[in-house]
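Chain naming here is simple, since letters A, B, ... match the order of the sequence lines and numbering starts at 1 in each.
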Amino acid sequence: MDCNIDPKSVVINVIRQKLLDWYDQNQRDLPWRRERDPYRIWLSEVMLQQTRVSTVIPYYERFLKVFPTLSSLAEADEQKVLKLWEGLGYYARARNLFEAVKEVQKTYGGEVPSDPADFKKLRGVGEYSSAAVLSIAYQKPLAAVDGNVVRVICRLFMIEDDPTKSITYKQINTTARKLLDLRRPGDFNQAMMELGAIVCLPRSPQCFKCILTKECLAYQKGKAEELPISKKTRPIPTIEYAAAIIIKERHCLLHQRDRSGMLGGLWELPAIEKRNRKKIELEQCFSSLLRNPVKLKKRTSLLNHTFSHQRWKVYVYPTESSNPVPDNKNNWCWANAEDISALPFPKIYHPILPDIISRLQTHLN
DNA sequence: AATACGGGGCC
DNA sequence: GGCCCAGTATT
């Protein structure tokens, strides 16, 4: 495609070499940088999607202690995989990785395919992850363009258009391919990301320690911090969430959330969930949900929790003892205290679970 | 092309 | 309260 950013190849060569030299001297010592196993590189890239390095590190190490090899993960139980992902967010990543790893075991004999066409077919492997994993693990000459790279390139070449527009994104991608060092593609990709992560920051970029200020058009114009231009923000929906504690013989009724939706595959109390709606008749809703009359007692807890994209209002109601029998047995279970600690729950449940467990242990209800 | 998808850290 | 993070799948 036509690219009006056409820096002289001399500049390209200078940027490429400076960046690699800087990376060789200044890269952080991260767990996945010590690894050669493509499976481990892959796992790191999946965990790092939309997630900070500092958040990922403990999850990464814990995960690999339980599933040290691709084969061990391929033979795992999905609930245990989700439990290790608990709190990391974007749970589809865990389910997709699990499915993809089983596919690799079945179709590619347990070897992560090195052909980009094959690798990208796998669930959860997109343009970025494909380039990142294959360049790092197999030295494939693919440019990995993540949020860091977008920011670095927008600043280096003064791209003032919205990078989320596909035409602009193609320009950025073309530029990344021209910059790529074909002899050390994995290191070069990581160098770009590393610069974005520790020098070319979204806010307050540390230009005083950047080795590319002479080549950076945005810096020369004093506009580094303004780029890339940001997208418009979306309104945050409020989620009203009412949950019932239903206990029978030291077991608590739990429901597994639909795998395709939010917090898919995680467990929860029987709950009524409404977005941006008015009050609802809770007892009626619960009774209909459980195909059985439910008597609520006084609300015990109210949690307000604001995430990036949602504002949660959580109400928890103990119930009068009854014998509710959910329709679809597959997604329901009666869990004792031990079961509860083994099941994956959304983060919002962490303050509530101790209360539920103590109710089970003390015969309350 | 726009939206859904978690949770945390920082200003 | 807004922004952003080693993005991908779905609509």
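When only modelled atom types and interatomic distance are considered, Trp22(A) and Glu194(A) share no side-chain donor-acceptor pair under 3.5 Å.
Atom CZ in Arg123(A) sits roughly 9 Å away from atom C1' in dT8(C) (whole-Å rounding). For the pair Leu88(A) CG and dG7(C) P, the computed distance is 13 Å after rounding to whole Å. At whole-Å resolution of the value, CZ in Phe345(A) and C1' in dG6(B) are 17 Å apart. Remark: C1' of dT8(C) and NZ of Lys121(A) are 18 Å apart, rounded to the nearest angstrom. Put simply, CE on Met262(A) is 17 Å from C1' on dA9(C), counting in whole angstrom units. Atom C1' of nucleotide dG7(B) and atom CZ of Arg311(A) are separated by 15 Å, given to the nearest angstrom. Nucleotide dG6(B) holds its C1' atom 10 Å from the CG atom of Leu266(A), rounded to whole Å. Rounded to whole Å, atom C1' of dC5(C) lies 9 Å from atom OH of Tyr90(A).
Heavy atoms of Leu30(A) sit under 4.0 angstrom from at least one base atom. When heavy atoms are screened at a 4.0 angstrom cut-off, Val56(A) is found touching no nucleic acid atom at all. Within 4.0 Å (heavy atoms only), Thr164(A) reaches no atom of the nucleic acid at all. Backbone-only engagement by Gly87(A) is indicated by non-hydrogen atom pairs under 4.0 Å involving sugar-phosphate atoms exclusively. Across all strands shown, Trp32(A) has heavy atoms under 4.0 Å from base atoms, whether or not it also approaches the sugar-phosphate.
Judged by distance alone, with hydrogens and angles left aside, Arg52(A) brings a side-chain donor or acceptor within reach of the base of dC4(C), the pair sitting under 3.5 Å. Side-chain to base pairing of Thr51(A) with dG8(B): no donor and acceptor N or O lie closer than 3.5 Å to each other.
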Derivation and outcome, side-chain contact (heavy atoms from CB on, under 4.5 Å), residues Leu64(A) and Tyr39(A): CA-CA 10 Å; Leu64(A) 284 177; Tyr39(A) 156 68; 3.7 Å; yes

Candidate pair Gln206(A) and Ile198(A), rule side-chain contact (heavy atoms from CB on, under 4.5 Å), full reasoning: CA-CA 8 Å; Gln206(A) 311 283 291; Ile198(A) 67 185; over 6 Å; no

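At the phosphate of dG7(B), OP1 or OP2 sits under 4.0 Å from a side-chain N or O atom of Tyr91(A). Between dA1(B) and Ser166(A), a contact under 4.0 Å exists linking OP1 or OP2 to a side-chain N or O. In this structure, Gln50(A) does not reach the dC5(C) phosphate: none of its side-chain N or O atoms is under 4.0 Å from OP1 or OP2. Between Lys165(A) and dA2(B), a side-chain N or O to OP1/OP2 separation shorter than 4.0 Å is absent. OP1 or OP2 of dT8(C) has at least one side-chain nitrogen or oxygen of Ser129(A) nearer than 4.0 Å.
As a member of the Ile/Leu/Val/Met/Phe/Trp/Tyr network built from side-chain separations under 4.5 Å, Ile136(A) groups with Ile41(A).
Cation-pi geometry between Lys221(A) and Tyr219(A) is not satisfied (NZ or CZ under 6.0 Å from the ring centre, within 45° of the ring normal). Annotation: cation-pi pair Arg93(A)/Tyr90(A) absent, no NZ/CZ under 6.0 Å from the ring centroid and within 45° of its normal.
dC5(B) and dA6(C): their P atoms are spaced 23 Å apart (whole Å). One P atom belongs to dG6(B), the other to dT10(C), and the distance between them is 14 Å to the nearest Å.
Taking Lys347(A) as the reference, nothing meets the salt bridge (charged side-chain N to carboxylate O under 4.0 Å, His left out) condition, with sequence neighbours excluded.
Ion pairing of Arg359(A) with Asp355(A) is present here, as a side-chain N (NZ or NE/NH1/NH2) and a carboxylate O approach within less than 4.0 Å.
A heavy atom lying under 4.0 Å from DNA chain C marks the following residues of residues 142-154 of chain A, by number: Asp146(A), Gly147(A), Asn148(A), Arg151(A).
Comparing dC10(B), dT8(C), dA6(C) by their closest approach to the side chain of Val53(A) singles out dA6(C).
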